[in-house]
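Computed from heavy atoms alone, side chains included, the values below leave out hydrogens, waters and symmetry copies. Below, chain A is the first sequence line, B the second, and so on; all start at residue 1.
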There are 2 protein chains.
Amino acid sequence: MNLPDARRRPTAPFEPLRLEPAYRKVAAALLERITNRSLENGDRLPAEFELARQFGVNRSTIREALRELESSGLLRRERGSKLMMVSRPHPGAVADGISRALALHDVTLRDVWEGLTILEPPIAEAAARRRHGSDLEALQAVVASAADPDPQAAARQAAEFFQRLGEATHNRVLMLGHEPLLQLLAPSLEVMIDELAQARTRIASAQRRIVEALRDGDAAAARTWTEKHIRDFRRGFELAGIDLGRRVHLPA
Amino acid sequence: MNLPDARRRPTAPFEPLRLEPAYRKVAAALLERITNRSLENGDRLPAEFELARQFGVNRSTIREALRELESSGLLRRERGSKLMMVSRPHPGAVADGISRALALHDVTLRDVWEGLTILEPPIAEAAARRRHGSDLEALQAVVASAADPDPQAAARQAAEFFQRLGEATHNRVLMLGHEPLLQLLAPSLEVMIDELAQARTRIASAQRRIVEALRDGDAAAARTWTEKHIRDFRRGFELAGIDLGRRVHLPA
DNA sequence: GAGGGTGCTATTGTCCGACAATCGAGCAAT
DNA sequence: ATTGCTCGATTGTCGGACAATAGCACCCTC
């Protein structure tokens with residue numbers, strides 16, 4: 001290991017300097033403009049050719065950058081239009097991405113259920129305090145469509161109920177936060193509903209209780225009934241023989 | 001509004017048939033293979049040319065599809081390598097995306113704080129039950145580096161504490177769930193720490209209490225101290241004159 | 001035989017030029 | 001007012017090109 005001095009002083013360690021490809025630099029530049037709101041929600045981007053001129057790169061390079069932002073939901077094009085439009089990421093699309101990431105990371109049904117246990121009762125509580133009349137109507141409409149014979153529809157309905165509950169909090173963090181969990185829960189829920197005769201009525205009655213609590217603005221009751229509702233899911237999974245330790249998968 | 005019959009029966013409503021561009025179909029095909037695990041985590045993708053041959057499209061088209069998946073974190077290339085590698089989305093990157101989305105949707109500091117109020121106490125509770133020895137060590141290391149003079153570093157430290165807390169739950173849903181909130185909290189936290197003399201010591205002592213509770217496996221105490229800790233943030237924001245109703249922005 | 005340089009090949013990043021399809025607008029015809 | 005037509009602008013896709021370089025097999029020296 002002992003080398004002559006001339007060899008021992010070489011390594012003044014150069015950091016491996018980051019060479020980003022041009023398409024990523026372009027994407028970063030556009031992203032920067034979007035996050036600092038120089039480019040706002042409805043704004044239309046210049047044509048690809050014009051962008052290529054401004055950035056001084058080829059149109060192909062621009063296109064690769066656009067695809068990058070497009071898939072993040074930051075750019076979209078309105079139905080059949082040509083020019084790209086700056087857009088806020090659609091919450092549903094963001095939730096899809098989160099769900100995918102969680103599924104690929106081998107999240108278990110238990111993990112998801114635990115997340116719901118934590119999130120939903122306080123959401124119900126907040127919803128009871130802050131709901132508007134329209135939120136209540138939306139929830140009642142969902143509850144009215146309960147007990148669908150098709151298991152898949154029934155599972156969707158159960159998830160939609162929570163979604164509307166989230167919307168009633170008027171807190172986007174909460175809305176977005178529980179949506180991936182609902183997506184990941186749905187497939188197991190479907191199996192459970194299909195397997196357990198009593199599942200539909202139990203879900204329906206829990207939903208009714210919760211909505212009543214919301215109607216009365218009774219936050220404590222909303223919380224309590226929601227806790228029960230979620231706990232019931234777990235019981236249902238166990239009764240239906242669904243392994244809580246299994247990986248969740250994405251809805252089809 | 002009353003039109004002749006011939007006019008009233010027109011709209012047997014055609015759905016506006018989806019014609020997707022080829023690059024999105026390619027991306028969808030690859031995504032499908034990834035989500036159903038025909039393509040697994042470390043797998044290397046064929047070269048662009050070969051993909052172009054297999055899909056029967058031009059290489060440019062393939063490249064656009066790759067950019068789409070790359071920005072979702074589903075493809076990456078290892079440091080200085082050529083071929084693309086299938087990858088699970090890095091949680092940090094996913095959290096960045098969520099933060100961006102929330103920020104662009106005009107989420108307020110109050111929304112974020114409320115999310116933390118809901119999430120963190122149960123996280124602390126779960127962490128107290130499930131922490132490993134190594135989690136405790138990591139937390140203690142973070143706590144030891146508290147009270148940094150630089151406000152930015154101090155804010156980062158406060159956020160990192162919660163991150164480690166999340167890791168101690170060994171529930172990826174919880175880990176990923178609170179990370180965007182921490183990112184969005186950080187800038188305000190920094191202002192608050194800079195403004196309030198007592199902030200650093202209060203944070204440090206709260207952290208110590210929580211870690212002690214975790215050490216003793218005392219879930220109730222962990223929860224309680226965490227509740228106090230988060231409530232304290234709110235008091236801090238008020239004392240520092242930070243408007244809870246203002247939009248959060250992304251850390252620089 | 002081992003270790004280290006060296007050239008080859010495959011692959012990516014970027015560019016150029018081309019063309020069909022189509023959207024929007026303007027304009028003409030009905 | 002609706003329809004049809006033309007025209008320019010723009011996107012989606014293609015083919016081909018070339019420099020840079022990562023990976024690899026090869027060769028050379030010791």
Exercise for the section: Mark yes or no for whether A:N36, through its side chain, and A:E32, through its backbone, hold a donor-acceptor pair below 3.5 Å. Expected result: yes
Exercise for the section: Could you tell me whether the side chain of A:M84 reaches within less than 4.5 Å of the side chain of A:R44, counting heavy atoms only? Expected result: no
Practice task
Would you state whether a donor and an acceptor, one from the side chain of A:R59 and one from the base of C:dG17, lie under 3.5 Å apart?
Solution key: no
Practice task
Report yes if a side-chain nitrogen or oxygen of B:Y23 is closer than 4.0 Å to either non-bridging phosphate oxygen (OP1 or OP2) of D:dG12; otherwise report no.
Solution key: yes
Handout entry: Rounded distance in Å - CD (B:E48) to C1' (D:dG15)
Key = 15 Å
Exercise for the section: Check whether any side-chain N or O of A:R63 sits under 4.0 Å from OP1 or OP2 of D:dG12, and answer yes or no. Expected result: yes
Exercise for the section: Give a yes/no answer on whether the side chain of B:N58 brings an N or O atom under 4.0 Å of OP1 or OP2 in D:dT13. Expected result: no
Exercise for the section: Rounded off to whole Å, could you give me the CZ-to-P distance for the B:F55 and D:dC14 pair? Expected result: 13 Å
Practice task
Would you indicate what A:T61 reaches in the nucleic acid, counting non-hydrogen atoms under 4.0 angstrom: base, sugar-phosphate, or nothing?
Solution key: sugar-phosphate
Fill in the blank from the handout: Of the listed C:dT14, C:dG13, C:dT11, the closest approach to the B:A47 side chain comes from C:dT11
Practice task
Nearest-nucleotide wise, let me know which of A:R44 and A:P21 is further upstream toward the 5' end of DNA chain C.
Solution key: A:P21
Exercise for the section: Apply the side chain to side chain contact (heavy atoms under 4.5 Å, CB included) test between B:L184 and each candidate in B:L116, B:V112, B:T108; give the one that qualifies. Expected result: B:V112
Fill in the blank from the handout: Sequence neighbours excluded, the answer for salt bridge (charged side-chain N to carboxylate O under 4.0 Å, His left out) partners of A:R67 is A:E70, B:E64
Problem - Length of the CD-P vector between A:E68 and C:dG13, whole Å - result: 11 Å
Problem - Single hit among A:V173, A:N171, A:L119 for side chain to side chain contact (heavy atoms under 4.5 Å, CB included) with B:I118 - result: A:L119
Problem - Gap between atoms CG and P, on B:L75 and C:dT12 respectively (whole Å) - result: 12 Å
Exercise for the section: Rounded off to whole Å, could you give me the CD1-to-C1' distance for the A:I62 and C:dT14 pair? Expected result: 12 Å
Problem - Any B:R77 side-chain N or O less than 4.0 Å from OP1/OP2 of C:dG13 - result: yes
Completion exercise
To the nearest angstrom, the CZ-P distance between B:R53 and C:dT11 comes to 12 Å
Completion exercise
Ranking C:dT11, C:dC15, D:dG12 by distance to the side chain of A:S60, first place goes to C:dC15
Practice task
Return the 5'-most residue of the pair B:G56, A:L83 with respect to DNA chain D, ranking by each residue's nearest nucleotide.
Solution key: A:L83
Practice task
Write down the distance between CZ (A:F49) and P (D:dG8), rounded to a whole number of angstrom.
Solution key: 16 Å
Exercise for the section: Take atom CE of A:M85 and atom C1' of D:dT10, then tell me their distance rounded to the nearest Å. Expected result: 17 Å
